[in-house]
Amino acid sequence: MKHVLITGGAGFIGSNFIHYLLRIEPGIHVINLDALTYAGSLENLKDVADDPRYTFVQGDICDTEFVGELLKKYEVDTVVHFAAESHVDRSILGPRQFIETNIMGTFSLLEAARKFWLQEKSLPLENVRFHHVSTDEVFGSLAPGEPAWTEETPYAPNSPYAASKASSDHLVRSYGHTYGLPFTMTNCSNNYGPYQFPEKLIPLIILNALDGKPLPVYGDGQQIRDWLHVEDHCEAIHLVLKKGSIGSTYNIGGENQPANLTIVETICEILDEISANDNHKPHKNLIEFVKDRPGHDRRYDMDTHKISGELGWRPRHTLTEGLLNTVNWYLSHPEWVSAIRQKQEYKGWLDANYKSR
Ligand code: NAD
Ligand code: TYD
């Protein structure tokens, strides 16, 4: 792993992963290919912008020729593919972009990698890797008491987002099976932590609570997600890149499954404790139950025995400690927060998703 192309590196998990890689791999060159959609921001990478080991390239993963040129120019041996449209609610209101980016974009990257690595044989095959970052949402929804998903569980995606990610997973697998493309894949549960765009539950609740705005809880708030701190996710991906077996997929999860309402209440309690502004305390009075998400998945739960058994990975953060450090991160980065709040795409999204709920 010398020249690593990270797609979507200006987004939430991608930017955390770039920070992680530069910290842990002194000899690495990271090329970040990102289209800078509403979800991507170079603010997330300000502190590494001048690092000689880091190169930013603005561009679209759907442009196969452009990606091919990048692979050649930088002699890329490893692709770590994060770029995606990633928000379920947006996929419900406008699915087309999800098909374009998540399916066609992955196809485009696979084609560029196939040409450079397999047809032109530009690098020794044992040195190259296509790592695909995916989600637990491809598995659908669990009923109470049903066992957690394993790597063998059949896919049953429910939202356009989940279906587009499932489709991209199948494409990656098929390139391994048909063409011999050396790939690994990870399916991870809900992430939280620094740099997450505040359309997702945890940062949305933190920012609304700080503003004294309503805290929207969909339906009865008893839906369950398997929360993982983003640094634990980064560590797991790095481990799979180093030690994972080619052609394998690994489930990654946080080993905890609180209901959404519990998450929201916990954030309120943390803010009651640490926020300097007393005006909105107790924050839980801001909770508002709103119209449910159509087709809302009820419960996610990942069985992580494969990655813990084979690679020795386990999450390091407990949810309590991870949430506290996340709330602190948003409190201590007012410039980052205010830059996002001023984005028209952010204000527009709040209107589109919440006004009619
Ligand atoms: P994000 O929405 O924060 O970031 C996505 C990034 O991709 C942005 O920087 C955006 O500009 C970029 N991008 C979008 N379209 C692009 C294109 N056509 N070309 C180049 N760049 C493009 O997403 P995230 O939450 O960081 O998720 C990253 C990956 O991890 C996604 O593949 C997602 O499916 C997966 N994942 C996310 C979670 C989660 O909880 N956030 C959990 C499991 C898996
Ligand atoms: P989200 O962060 O959008 O992630 P995902 O849909 O990928 O799991 O949502 C997490 C959970 O929180 C999900 O069950 C939907 C719920 N939710 C709310 O109740 N209110 C909100 O305003 C948002 C954004 C999500």
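This chain uses plain numbering: 1 for the first residue, then up along the sequence. Each ligand, and each atom within it, is numbered from 1 in the order the structure gives.
- Atoms of ligand 1 found under 4.0 Å from any heavy atom of Asp60, numbered from 1 in the order shown, are 17 (C), 18 (N), 19 (N).
- Considering only heavy atoms from C-beta on, Glu273 stays 4.5 Å or farther from Ile270 through its side chain.
- At the shortest separation from atom 32 (O) of ligand 1 among protein heavy atoms lies Lys165 NZ, 2.6 Å.
- Atom numbering of ligand 2 starts at 1 in the shown order; those under 4.0 Å from a heavy atom of Val217 are 19 (O).
- Here Phe197 and Tyr346 bring their ring centres to under 6.0 angstrom of each other.
- In terms of modelled atom types and a separation under 3.5 Å, the side chain of Ser168 and the main chain of Ile103 share no donor-acceptor contact.
- By the criterion of a heavy-atom distance under 4.0 Å, the backbone of Leu36, and not its side chain, is placed next to ligand 1.
- Of all the heavy atoms of Tyr354, the ones lying under 4.0 Å from any atom of ligand 2 belong exclusively to the side chain.
- Tyr155 has its ring centre less than 6.0 Å from the ring centre of His170.
- Among protein heavy atoms, atom 4 (O) of ligand 1 sits closest to Gly11 CA, 3.4 Å.
- Aromatic ring centres of His132 and Phe183 lie farther apart than the 6.0 Å criterion allows.
- The distance from ligand 1 to the heavy atoms of Gly40 drops below 4.0 Å at these ligand atoms: 8 (C), 9 (O), 11 (O).
- Summarising the local packing, CZ of Arg298 is surrounded by more than 12 heavy atoms from other residues, nucleotides or ligands at distances under 6.0 Å.
- Less than 4.0 angstrom separates some heavy atom of His87 from each of these atoms of ligand 2: 3 (O).
- Cluster annotation: Ile287 and Leu323 are assigned to the same hydrophobic cluster (Ile/Leu/Val/Met/Phe/Trp/Tyr, side-chain heavy-atom contacts under 4.5 Å, transitive).
- When atom types are taken as modelled, the side chain of Asp34 and the backbone of Val57 share no donor-acceptor pair closer than 3.5 angstrom.
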Mind running side-chain contact (heavy atoms from CB on, under 4.5 Å) on Asn260 and Gln222 for me, showing each step along the way? CA-CA 6 Å; Asn260 290 343; Gln222 293 309 307; over 6 Å; no
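- For Arg293, the CZ atom counts as densely surrounded, since its 6.0 Å shell holds more than 12 non-hydrogen atoms of other residues, nucleotides or ligands.
- For ligand 1, the atoms closer than 4.0 angstrom to any heavy atom of Ser189 are 42 (C), 43 (C).
- Close approach of ligand 1 to Tyr161 is summarised as follows: ligand atoms under 4.0 Å from at least one heavy atom of the residue are 33 (C), 34 (O).
- Comparing Ala10, Ala83, Ser134 against atom 22 (C) of ligand 1, the shortest heavy-atom distance belongs to Ala83.
- The nearest heavy-atom contact from the protein to atom 2 (O) of ligand 2 is Leu201 N, 2.8 Å.
- In terms of protein heavy-atom proximity, atom 10 (C) of ligand 1 is nearest to Thr37 OG1, 3.2 Å.
- Of all atoms in ligand 1, listed by their number and element, those nearer than 4.0 Å to a heavy atom of Ser86 are 1 (P), 2 (O), 23 (O), 25 (O).
- At least one heavy atom of Phe82 sits closer than 4.0 Å to an atom of ligand 1.
- Comparing Glu199, Glu137, Arg293 by heavy-atom distance to atom 3 (O) of ligand 2, the nearest is Arg293.
- Near Leu204, with a cut-off below 4.0 Å to any heavy atom, the atoms of ligand 2 are 22 (O).
- Evaluated by nearest non-hydrogen atom to atom 15 (N) of ligand 1, the leading choice among Thr101, Asn44, Val138, Ile61 is Thr101.
- The six-membered or imidazole ring of Tyr38 lies away from that of Trp349, with a centre-to-centre distance of 6.0 Å or more.
- In this structure, the side chain of Trp329 does not engage the main chain of Leu324 through any donor-acceptor pair within 3.5 Å.
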Carefully, step by step, assess Glu69 and Lys72 under the rule salt bridge (charged side-chain N to carboxylate O under 4.0 Å, His left out). CA-CA 5 Å; Glu69 282 162 19; Lys72 195 172 281 185; over 6 Å; no
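- Side-chain atoms of Ser91 come within 3.5 Å of backbone atoms of Tyr161 as a donor-acceptor pair (strictly under, hydrogens ignored).
- Nearest residue to atom 37 (C) of ligand 1 from Ile13, Asn191, Thr135 is Ile13 (criterion: closest heavy atom).
- For atom 20 (N) of ligand 2, the nearest non-hydrogen atom of the protein is Pro216 O, 2.9 Å.
- Where the criterion is an N or O separation shorter than 3.5 Å, residue side chain and backbone included, Leu33 fails it with respect to ligand 1.
- Taking the ring centre of Tyr218 as origin, the terminal cationic atom of Arg357 falls inside the region bounded by 6.0 Å and 45° from the ring axis.
- In this structure, atom 12 (O) of ligand 2 lies nearest to the protein heavy atom Asn260 ND2, 3.3 Å.
- With hydrogens left out, the protein atom closest to atom 4 (O) of ligand 2 is Asn190 ND2, 3.3 Å, a heavy atom.
- Aromatic ring centres of Phe82 and Phe17: separated by under 6.0 Å.
- Centroid-to-centroid, the aromatic rings of Tyr20 and His238 come within less than 6.0 Å.
- When each atom of ligand 1 is checked for a heavy atom of Ala84 under 4.0 Å away, the hits are 5 (C), 7 (O), 14 (C), 31 (C), 32 (O).
- Atoms of ligand 1 found under 4.0 Å from any heavy atom of Gly59 (numbered from 1 in listed order, with element): 19 (N), 20 (C).
- Under the 3.5 Å distance criterion, the side-chain polar atoms of Lys2 are left unmatched by any main-chain donor or acceptor of Val76.
- Remark: ligand 1 atoms within the under-4.0 Å shell around heavy atoms of Val133 are 30 (O), 32 (O).
- With a 4.0 Å heavy-atom cut-off, ligand 2 is reached by no atom of Thr135.
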Hey, mind stepping through His19 and Tyr195 against ring pair (Phe, Tyr, Trp, His ring centres under 6.0 Å) and telling me if it holds? CA-CA 11 Å; His19 283 117; Tyr195 302 109; 5.6 Å; yes
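- At the shortest separation from atom 19 (O) of ligand 2 among protein heavy atoms lies Tyr218 N, 2.9 Å.
- Atom 13 (C) of ligand 2 has its closest protein heavy atom at His296 NE2, 3.4 Å.
- With respect to atom 21 (N) of ligand 1, the closest heavy atom belonging to the protein is Ala35 N, 3.1 Å.
- Annotation: atom 3 (O) of ligand 1 to nearest protein heavy atom, Phe12 N, 3.0 Å.
- Taking any N or O of Arg225, backbone or side chain, at least one lies under 3.5 Å from an N or O belonging to ligand 2.
- When the options Asn251, Asp169, Thr153 are evaluated for a side chain to side chain donor-acceptor pair (under 3.5 Å) with Asn187, the one that passes is Asp169.
- In this structure, the protein non-hydrogen atom closest to atom 9 (O) of ligand 1 is Asp34 OD2, 2.6 Å.
- Atom 43 (C) of ligand 1 has Cys188 O, 3.2 Å as its closest protein atom, hydrogens excluded (heavy atom only).
- Close approach of ligand 2 to Val88 (heavy-atom distance below 4.0 Å) involves ligand atoms 6 (O), 7 (O).
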